[in-house]
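Structure, as C-alpha cells:
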Number of protein chains: 2
Amino acid sequence: MPDPLAPDMFAGCADHSTLPVRVGDKWTAKILACLRDGPRRFSELQVPLAPITPKVLTESLRAMERDGLVTRTAQPGIPPRVEYALTPLGSSLFAPLAASCAWNAAHGEELRKAREAYAAR
Amino acid sequence: MPDPLAPDMFAGCADHSTLPVRVGDKWTAKILACLRDGPRRFSELQVPLAPITPKVLTESLRAMERDGLVTRTAQPGIPPRVEYALTPLGSSLFAPLAASCAWNAAHGEELRKAREAYAAR
DNA sequence: CAGTATCCCGCTAGATACTG
DNA sequence: CAGTATCTAGCGGGATACTG
C-alpha cells in the first residue's frame with residue numbers, strides 16, 4: 001500500500017468542516033448578498049429572505065457578527081432601529097463565493113444531467 | 001420600506017443550500033483532494049481520511065458518483081478491487097475550492113481574532 | 001477487500017407564540 | 001420594530017458489528 005495521502009490543502013480547516021467560517025450553511029451566503037449594496041435593517045432582511053423566521057435570522061446574524069463579518073448598530077429610541085452592515089472581512093467573502101457561483105453557472109447543468117442519468121437506473 | 005432585495009446571485013441554488021452540489025459537507029472536499037493525483041481504492045481512501053467510517057465513506061462516494069464527480073470501477077475477482085477516480089466535472093471543483101482555501105489563508109487569522117474578541121465580553 | 005446493517009446522537013433549522 | 005422563548009423534526013454523521 002502506498003503512503004497515506006495527505007489532503008493538506010485543507011490545513012487549518014481540520015476541525016469539522018472545510019471552511020472555518022460557516023458560509024456553507026443555509027442562510028449566511030444569502031444574507032451576505034442582501035447586505036452587498038449597503039446596510040439593512042432587521043425587517044428589511046426578512047423580506048427577501050422569506051420565509052426565514054426571526055429566530056433563525058437572529059442566530060445567523062449573531063454568528064456572522066461573532067465572526068466579524070457584519071456589524072450590528074442599534075440606535076436607541078422607540079421604535080428600535082437596528083442596522084446590519086458588512087465589514088471588510090465580510091465583503092472579502094464575495095471572492096470565493098463568486099468562484100462557487102461561477103462553477104455553478106458553468107457546470108450546474110452538467111451536474112443536473114448526471115444526477116438525472118444516475119436516477120434512470 | 002424599499003423594494004425587496006433580490007439575492008439573485010444565487011439563482012438556481014434556490015432549493016436548500018448555496019451550492020447544488022454538496023461540497024460544503026464534512027468529507028466531499030477532502031475526498032476530492034485524495035483523488036487529485038489519480039484513482040484510489042476504497043481502503044486507500046480510508047487511511048488519509050481516518051477516522052472516517054466505511055459507512056460514511058460509502059455514502060459520500062455514492063453521492064459524488066450520483067453527481068458525476070467520481071467514477072466507480074469494480075474489477076470482478078476475489079478479493080474485490082474497486083477504484084474511484086475523478087471525472088472532469090469533479091476536477092473542475094478545484095477552482096472554487098482553491099478560492100475558498102485562498103480566503104482561508106488570507107483571512108483565517110483575522111476571523112479567529114474576531115471570534116476571540118467577541119468572546120472576551 | 002469493500003462494503004451493509006442497526007442503532008444512536010447532536011445540531012441546524014422550522015413552527016408557534018410572546019415581549020420590551 | 002426587533003427580537004426572545006419553547007418545542008420539535010429531520011438529517012448528517014458516528015459507533016459497532018457483520019458479510020459476500
Side-chain angles (χ1 to χ4, degrees), chain A residues 1-2 4 10 13-31 34-35 39-67 70-85, chain B residues 1-2 4-5 13-31 34-35 39-67 70-85:
Chain A
M1 184 183 301
F10 301 113
C13 313
D15 291 272
H16 54 303
S17 66
T18 309
L19 285 306
V21 54
R22 60 162 220 183
V23 68
D25 68 339
K26 188 165 183 178
W27 297 108
T28 302
K30 290 176 184 177
I31 293 173
C34 288
L35 293 175
R40 302 291 173 193
R41 300 173 60 183
F42 190 86
S43 55
E44 287 177 327
L45 289 171
Q46 278 187 287
V47 174
L49 295 173
I52 197 173
T53 62
K55 178 204 162 204
V56 172
L57 180 55
T58 299
E59 286 171 354
S60 302
L61 287 168
R62 287 273 193 281
M64 293 169 76
E65 192 191 355
R66 184 179 108 102
D67 287 349
V70 302
T71 56
R72 178 183 181 278
T73 314
Q75 282 97 301
I78 289 176
R81 181 184 184 89
V82 181
E83 280 200 343
Y84 293 91
Chain B
M1 182 182 299
L5 299 168
C13 313
D15 289 272
H16 54 302
S17 67
T18 309
L19 285 305
V21 54
R22 63 164 220 185
V23 68
D25 69 338
K26 189 165 184 179
W27 296 108
T28 302
K30 291 176 182 176
I31 293 173
C34 288
L35 291 176
R40 303 290 173 193
R41 301 173 60 183
F42 190 87
S43 55
E44 287 177 328
L45 289 171
Q46 279 187 288
V47 174
L49 296 174
I52 197 173
T53 62
K55 177 203 162 205
V56 172
L57 180 54
T58 300
E59 286 171 353
S60 302
L61 288 168
R62 287 275 193 279
M64 294 170 75
E65 192 193 355
R66 185 180 106 101
D67 287 350
V70 302
T71 56
R72 178 182 181 279
T73 314
Q75 283 96 301
I78 291 178
R81 181 185 185 88
V82 180
E83 279 199 342
Y84 293 91

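The chains referred to below are lettered A, B, ... by the order of the sequence lines, with proteins before strands, and numbering in each begins at 1.
Closest to the B/Pro54 side chain, of the nucleotides D/dA17, D/dG3, D/dC1, is D/dA17. Distances from the side chain of A/Thr58 to the nucleotides C/dA2, C/dG3, D/dT4 place D/dT4 closest. For A/Arg62, the listed nucleotide lying nearest its side chain is D/dT4; candidates were D/dA2, D/dT4, C/dA2.
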Show the distances under 3.5 angstrom between N or O atoms of the protein and N or O atoms of nucleotides 12-14 of chain D.
unit_1, atom_1, unit_2, atom_2, d
D/dG13, OP1, B/Lys26, N, 2.8
D/dG14, OP1, B/Lys26, NZ, 2.4
D/dG14, OP2, B/Trp27, NE1, 2.9
D/dG14, N7, B/Lys55, NZ, 3.3
D/dG14, O6, B/Lys55, NZ, 2.4

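A sub-4.0 Å separation between OP1 or OP2 of C/dG3 and a side-chain N or O of B/Arg72 is present. For D/dA2, the OP1/OP2 oxygens have a side-chain nitrogen or oxygen of A/Ser43 closer than 4.0 Å. Under 4.0 angstrom from either OP1 or OP2 of C/dA2 there lies no side-chain N or O belonging to B/Arg40. Taking 4.0 angstrom as the limit, B/Arg41 places a side-chain polar atom (N or O) nearer than this to OP1 or OP2 of C/dA2. Taking 4.0 angstrom as the limit, B/Tyr84 places none of its side-chain polar atoms (N or O) nearer than this to OP1 or OP2 of C/dC1. Close to C/dG3, at under 4.0 Å from its OP1 or OP2, lies no side-chain N or O of B/Arg81.
Heavy-atom minimum distance, A/Val23 versus A/Ala29: O-CB, 4.1 Å. When all heavy atoms are compared, the tightest approach of A/Leu35 to A/Tyr84 is CD2-O, 3.4 Å. What you find for B/Arg41 and B/Pro80 is that their closest heavy atoms are NH2-O, 3.8 Å. Smallest separation of non-hydrogen atoms from B/Ser60 and B/Trp27: OG-CB, 4.0 Å.
The side-chain heavy atoms of A/Ser43 and A/Val47, taken from C-beta on, include no pair separated by under 4.5 Å. Residues B/Leu61 and B/Arg72 fail the side-chain proximity criterion, which asks for heavy atoms closer than 4.5 Å. B/Arg66 is not listed as a side-chain neighbour of B/Arg62, based on a closest heavy-atom distance of 4.5 Å or more.
Summarising the geometry, the separation between CG on A/Leu61 and P on C/dA13 is reported as 13 Å, rounded to the nearest angstrom. Rounded to an integer number of Å, the gap from B/Glu44 CD to C/dA2 P is 8 Å. Across the protein-nucleic acid pair, B/Ile78 atom CD1 and C/dC1 atom P stand 13 Å apart, rounded to whole Å. Rounded to whole Å, the distance from CG on A/Leu57 to P on C/dG14 is 11 Å.
Remark: D/dT4 base-pairs with C/dA17; criterion is Watson-Crick or G-U wobble with both hydrogen-bond distances under 3.5 Å.
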